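Okay, structure first, notes after.
Every value quoted in this text rests on a predicted model; they were computed, and no experiment measured them. Just so it is clear, the values below take in all heavy atoms, side chains as well, and ignore hydrogens, waters and symmetry mates.
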Amino acid sequence: MIQLSHIGEELISRILYESKEARDSVCDNMYSPDTEIDVQAEVKLENCGMLSFDGTHKIDVAILNPNSLECFPMEAKLGFNRLGKNEFEKRFLKRCETSHNYARVKGSMIAILERNLPTDCVGKELFINHKNTPYIVSVNWALICRAKVLDKWNASGRPGVSSKCKIISFESL
C-alpha cells in the first residue's frame, strides 16, 4: 500500500506550484504576484564552507524565487508515529555534529533548517543549486505535518522549533 509519506513531497510540490493560495498560506505572500516561481521536491544542499552534506540532506519541498534567488524550504513529516513533542525534539532538534573526519555534517534536516549547525557552519548561509544557479536558503521555513499530529501538539505541547518555523497542516493545503 502506498503511504502519504512515500509520495508526500511530490504531492506538496505540485499543490504549491499550481495554487497561489496554497503557496501564500505557506510562505505569507513572500513573492509578488508576477513572480514566476518554481517548486521542487527533494533539493540537495550545497556544501557549507568546508563541510559537505550527505545524500539524505535534502529539502523536502523548496519554493524557488528566480528574481531574489531565494529558496523557501519546507520539511514534511506526514506520518503519525514518533512525532510527539519529546520524541520529535530528540529525533529532529538535536544540534548537528560532524562526521567523516570533520568533512560532513551529521544531523537531521530540521536541525539544519533551524540552523543548529556545527561550529564551522554557524553564521554561514546555506545554498542549493538549481539549473546551475545558486539559491540562498531562507532562515524562514515551514514544517508540514498531518492535522492529527498538530491536534496532539496543541493538546500536549508543540516541539521547541524557533519562530522562524511556520507549522502547517497538510490537510489545509
Of all heavy-atom pairs between [X] and [Y], which one has the smallest distance, and what is that distance?
X      : Y      : value
Arg104 : Asp54  : NH1-CB, 4.0 Å
Glu70  : Ser138 : OE2-CB, 3.3 Å
Lys58  : Glu75  : O-OE1, 4.3 Å
Ser169 : Ile144 : C-CG2, 4.4 Å
Val149 : Gly79  : CG2-O, 3.6 Å
Pro118 : Cys96  : CD-CB, 3.6 Å

Determine whether more than 12 heavy atoms belonging to other residues, nucleotides or ligands lie under 6.0 Å from atom [atom1] of [X].
X      : atom1 : result
Tyr102 : OH    : no
Lys94  : NZ    : no
Arg14  : CZ    : no
Asn154 : CG    : yes

For Glu89, give me all partners under salt bridge (charged side-chain N to carboxylate O under 4.0 Å, His left out), at least two apart in sequence or on another chain. Lys85
Whether the side chain of Lys166 engages the backbone of Ser25 through a donor-acceptor N/O pair (distance < 3.5 Å, no angle test) should be reported. yes
Could you see if Trp141 belongs to whatever hydrophobic cluster contains Leu64? Use Ile, Leu, Val, Met, Phe, Trp, Tyr and a side-chain cutoff under 4.5 Å. yes
Applying the 4.5 Å side-chain criterion to the ILVMFWY set and letting contacts propagate, would Ile63 and Ile128 be lumped into a single cluster? no
If hydrophobic residues (ILVMFWY) are linked whenever their side-chain heavy atoms come closer than 4.5 Å, directly or via other members, who joins Phe127 in its cluster? Ile136
